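Take a look at the structure set out below.
Since we're looking at a predicted model, the values are computed, not measured.
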Amino acid sequence: MQHEPPELTTSTHPYDQLNPEVILDALEEAGFAVSGRLFALNSYENRVYQIGLDDGPPVIAKFYRPGRWSEAAIREEHEFSLDLQQADIPVVAPLVMPGGDTLGQHQAFLFAVFPQRGGQAPDTSVTDTLYRLGQWLGQIHNLGALKSFNHRPGFDLIQGLEEHNALLVNGGWVPDDLRPAWDSLIPDLIAGCRQRMADAGTVDTLRIHGDCHAGNILCRDESMLFVDLDDCRTGPAVQDMWLLLNGEASERGAQLGELIEGYEMFRDFNRRERHLIEPLRCYRQIAHCAWLARRWEDPAFPRFFPWFAQPRFWSGQILALREQLSALQEPAISLPGQF
């Protein structure tokens, strides 16, 4: 089944109602003296804007995608962020708005307001940068282990892989001529993930950032800031590490070693969690496809991801997943000094 972009003029997606007037009205109702200056920032899952104020620097307003998170789940994100900030861990937490709350509502939209912060992504090829990131992650996880999330998800890798695959197959996203290759590959990937998870054994889970890649970390001078806890959840510690690794296996092993060295200044790390890296990578690859499929009715997605509905994309995905299967079948990443 070929998926076509929806007609943008007839779309009834909830974000169609989020026009500049609604955005500025929401901020005014929350007690901000808006200047009328508004600039849309690059965001797909939510809608994020820089809003000018009459009496101070601009702020960043995030309007949560309707129906994605419950109010209780968003409040857990805010609570976690504020607890980290109070512990002097460098995160960008939501502002307490003039009305005394971090979460506002206007029409169908829940929203939060954040201070504007600048910086650039960390250079993870620098040893000292990885060491410092590891130190901060150790402190984030120490606080994350103090209590549990009640309304945010965890990582059920196998169930998640099966559900994402079912959505893609049943929704007709995988082209018919590629289905035999796709259908033969998925069971092998799931089996490989099961084996790696068995190799890892029982690992502890805790509240984590959840999407800790270089794009969600801002560096300026000697400071670091962790941003966008929208995907914070319960999971293994290594989930907040592996997205920072890149290069060949030996390079990634050395990078992970630096992260762990910094991390263990504050918190022990279970080295068996390295067996989870490739299952987590496999999950992310397939979950990303499922995310695009779920969001296709949002006009922004066909506009910015037009290649998703093209056969060439799925041919590339099959190739990438075959490479991922090879990675699952190889020994786990080695740490320096480990044989």
Side-chain angles (χ1 to χ4, degrees), residues 90 119-141 155 157 185 188-189 192-193 195-201 203 208-228 231 235-289 316-339:
Q120 58 188 13
D123 183 355
T124 55
S125 67
V126 178
T127 298
D128 182 62
T129 298
L130 288 166
Y131 181 82
R132 291 170 58 211
L133 285 170
Q135 288 182 310
W136 285 123
L137 287 172
Q139 294 173 76
I140 289 172
H141 290 176
F155 273 108
L157 287 176
L185 185 57
D188 290 340
L189 287 166
C193 289
Q195 182 57 56
R196 282 299 187 88
M197 293 167 66
D199 293 340
V203 300
I208 58 174
H209 183 289
D211 194 25
C212 190
H213 56 78
N216 278 338
I217 302 168
L218 298 176
C219 294
R220 172 174 285 182
D221 299 326
E222 294 299 315
S223 65
M224 293 180 173
L225 272 174
F226 292 81
V227 302
D228 195 6
D231 283 306
V238 74
Q239 169 62 18
D240 279 350
M241 297 182 178
W242 76 266
L243 287 169
L244 298 169
L245 311 179
N246 56 79
E248 299 296 325
S250 60
E251 296 174 295
R252 287 184 280 118
Q255 293 162 6
L256 181 59
E258 287 295 332
L259 283 169
I260 292 173
E261 186 175 349
Y263 189 93
E264 290 195 325
M265 291 291 294
F266 297 91
R267 182 177 179 83
D268 288 340
F269 179 76
N270 176 4
R271 282 158 172 74
R272 297 192 67 83
E273 287 193 28
R274 76 188 194 281
H275 291 285
L276 297 177
I277 291 176
E278 296 308 329
L280 288 166
R281 191 190 312 278
C282 182
Y283 178 91
R284 190 175 179 88
Q285 286 178 264
I286 297 176
H288 181 71
C289 294
Q317 283 300 297
I318 288 171
L319 178 60
L321 288 172
R322 282 175 176 158
E323 294 173 349
Q324 183 57 38
L325 179 59
S326 295
L328 284 164
Q329 293 169 341
E330 293 171 358
I333 188 172
S334 295
L335 298 171
Q338 182 183 60
F339 300 97

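- Formation of a donor-acceptor pair under 3.5 Å by the Glu264 side chain with backbone atoms of Phe269 is found in this model.
- A distance-only check finds a donor-acceptor pair linking the side chain of His209 to the backbone of Val227 [under 3.5 Å].
- For the pair Ile217/Leu244, a side-chain contact is recorded, criterion being any heavy-atom separation below 4.5 Å from C-beta on.
- Atom CG of Leu185 is separated from atom CD1 of Ile286 by 7.5 Å, given to the nearest 0.5 angstrom.
- Arg252 and Arg281 get closest at one heavy-atom pair: NH1-NH2, 3.7 Å.
- Leu225 CG to Asn216 CG: the interatomic distance, rounded to the nearest 0.5 Å, is 12.0 Å.
- In this structure the side chain of Tyr131 reaches within 4.5 angstrom of the side chain of Met265, judged on heavy atoms.
- Listed for the Asp240 side chain is no donor-acceptor partner under 3.5 Å among the backbone atoms of Leu137.
- Closest of all the heavy-atom pairs between Gly235 and Phe155 is CA-CD1, 4.0 Å.
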Using a 3.5 Å cut-off and no angle test, enumerate the donor-acceptor pairs between side-chain atoms of residues 320-333 and protein atoms at least two apart in sequence or in another chain.
residue	atom	partner	partner atom	Å
Gln324	NE2	Glu278	O	3.0
Gln324	NE2	Glu278	OE1	2.9
Ser326	OG	Arg322	O	3.4

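- Not a single side chain to side chain contact (heavy atoms under 4.5 Å, CB included) links Asp268 to another residue, sequence neighbours left out.
- Although no hydrogens or angles enter the test, the distance criterion places no donor-acceptor pair under 3.5 Å between the side chain of Arg196 and the main chain of Cys193.
- With salt bridges taken as basic N to acidic carboxylate O contacts below 4.0 Å, one links Asp211 and Arg284.
- At a threshold of 4.5 Å between non-hydrogen side-chain atoms, the residues Tyr263 and Ile140 do not count as touching.
- Atom NE2 in His141 sits 9.0 Å away from atom CD in Gln239 (nearest 0.5 Å).
- With hydrogens and angles ignored, the 3.5 Å screen pairs a side-chain donor or acceptor of Gln139 with a backbone N or O of Gln135.
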Query - side-chain contact (heavy atoms from CB on, under 4.5 Å) between Leu256 and Ile277, intermediate numbers included - result: CA-CA 11 Å; Leu256 181 59; Ile277 291 176; 4.0 Å; yes
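- Rounded to the nearest 0.5 Å, atoms CG (Leu133) and CD (Glu258) are 11.0 Å apart.
- Judged by distance alone, with hydrogens and angles left aside, the side-chain atoms of Arg132 form a donor-acceptor pair with the main-chain N or O of Glu222 at under 3.5 Å.
- Between Gln255 and Asn246, the shortest heavy-atom contact is OE1-N, 2.9 Å.
- Side-chain atoms of Asp221 do not come within 3.5 Å of backbone N or O of Ser223 as any donor-acceptor pair.
- Contact record, Glu273 with Ala237: OE1-N, 3.2 Å, taken as the closest heavy-atom pair.
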Query raised in the report: Between His275 and Val203, does a side-chain contact (heavy atoms from CB on, under 4.5 Å) hold up when you go through it step by step?
Result: CA-CA 11 Å; His275 291 285; Val203 300; over 6 Å; no
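- Between the side chain of Gln120 and the backbone N or O of Cys219, no donor-acceptor pair lies under 3.5 Å.
- For the atom pair OG1 (Thr124) and CG (Leu130), the distance works out to 5.5 Å, reported to the nearest 0.5 Å.
- With rounding to the nearest 0.5 angstrom, the CG atom of Leu189 is 8.5 Å from the CD atom of Gln285.
- Here the shortest heavy-atom pairing between Ala121 and Ala214 reads CB-O, 3.5 Å.
- Counting all heavy atoms, side chain and backbone alike, Leu157 lies closest to Leu280 at CD2-CD2, 3.8 Å.
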